[in-house]
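Take a look at the structure below.
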Amino acid sequence: MDYLERVCNTNLSKLSLILHEIRVYARKNQLKPSVSDYKQWGNKNKKISLRFSKYGNPEIEKQYSTLYVDVKRIGQLKEMKQKEADVSDIQVKDE
């Protein structure tokens, strides 16, 4: 099975440093970690998880598959969307 690190044009220590810096940035900016389970495209009957690291270490796999979410920004966007929906409802009722 192939893995992401195989096709990266840098060594594993640099990739490790990048993952570390991403975690530091996320912590500093109060971003919420969200682990995703990435699946292979194609065969709908066979749900095969993608592999990121050479050795498949679960902790390293988790680091690669973690997204960092700005919860405050998502809240703001939801609030804006709700206000837009409320305005649309008012306009429809007025017609």
Side-chain angles (χ1 to χ4, degrees):
M1 177 192 284
D2 276 342
Y3 50 92
L4 178 67
E5 289 178 345
R6 172 176 271 171
V7 297
C8 292
N9 293 327
T10 190
N11 64 43
L12 296 182
S13 59
K14 284 184 183 178
L15 288 173
S16 179
L17 175 64
I18 291 166
L19 289 172
H20 172 75
E21 291 300 320
I22 289 170
R23 289 191 308 276
V24 168
Y25 176 86
R27 245 183 269 125
K28 186 185 226 181
N29 290 282
Q30 300 175 350
L31 303 179
K32 179 184 173 190
S34 174
V35 179
S36 296
D37 186 20
Y38 292 96
K39 302 289 185 186
Q40 254 183 9
W41 278 85
N43 190 342
K44 293 183 180 184
N45 298 328
K46 226 178 178 182
K47 301 288 184 186
I48 300 171
S49 292
L50 294 179
R51 188 161 143 198
F52 298 97
S53 64
K54 183 175 183 176
Y55 300 107
N57 178 308
E59 187 56 36
I60 294 171
E61 294 294 317
K62 182 180 174 183
Q63 290 174 16
Y64 274 111
S65 63
T66 300
L67 307 171
Y68 294 93
V69 181
D70 187 340
V71 178
K72 291 177 190 173
R73 181 67 181 142
I74 289 174
Q76 292 170 344
L77 293 171
K78 284 181 180 178
E79 193 175 297
M80 287 172 45
K81 191 172 183 178
Q82 183 59 48
K83 286 179 183 176
E84 289 173 5
D86 292 346
V87 168
S88 293
D89 287 345
I90 292 170
Q91 290 173 345
V92 168
K93 288 177 185 175
D94 288 346
E95 292 177 357

Test log, rule side chain to side chain donor-acceptor pair (under 3.5 Å), inputs Glu61 and Ser53: CA-CA 6 Å; Glu61 294 294 317; Ser53 64; 2.4 Å; yes

Lys39, NZ atom: more than 12 neighbouring heavy atoms under 6.0 Å: yes

Exam field: side chain Gln40 to backbone Ile48, donor-acceptor pair closer than 3.5 Å: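 Such a contact is absent between Gln40 side chain and Ile48 backbone.
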
Short side-chain to backbone donor-acceptor contact, Asn29 and Leu31, under 3.5 Å: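 No: the side chain of Asn29 does not pair with the backbone of Leu31.
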
Inter-residue atom distance Gln30.CD - Asp70.CG, 0.5 Å rounding: 9.5 Å

Spacing of NZ belonging to Lys72 relative to CG belonging to Leu77, to within rounding of 0.5 Å: 14.5 Å

Side chains of [X] and [Y]: does their closest heavy-atom pair fall under 4.5 Å?
X     : Y     : answer
Glu21 : Leu17 : yes
Tyr64 : Leu15 : yes
Lys78 : Gln82 : no

Closest approach of Thr66 to Val35 (non-hydrogen atoms, all atoms of both residues):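 It is OG1-CG2, 3.6 Å.
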
Mutual orientation of the aromatic rings belonging to Tyr38 and Phe52 [parallel < 30°, tilted 30-60°, perpendicular > 60°]: perpendicular

Verify same cluster id: Val7, Leu19 (apolar side-chain graph, 4.5 Å):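 Yes; Leu19 is reachable from Val7 via cluster members.
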
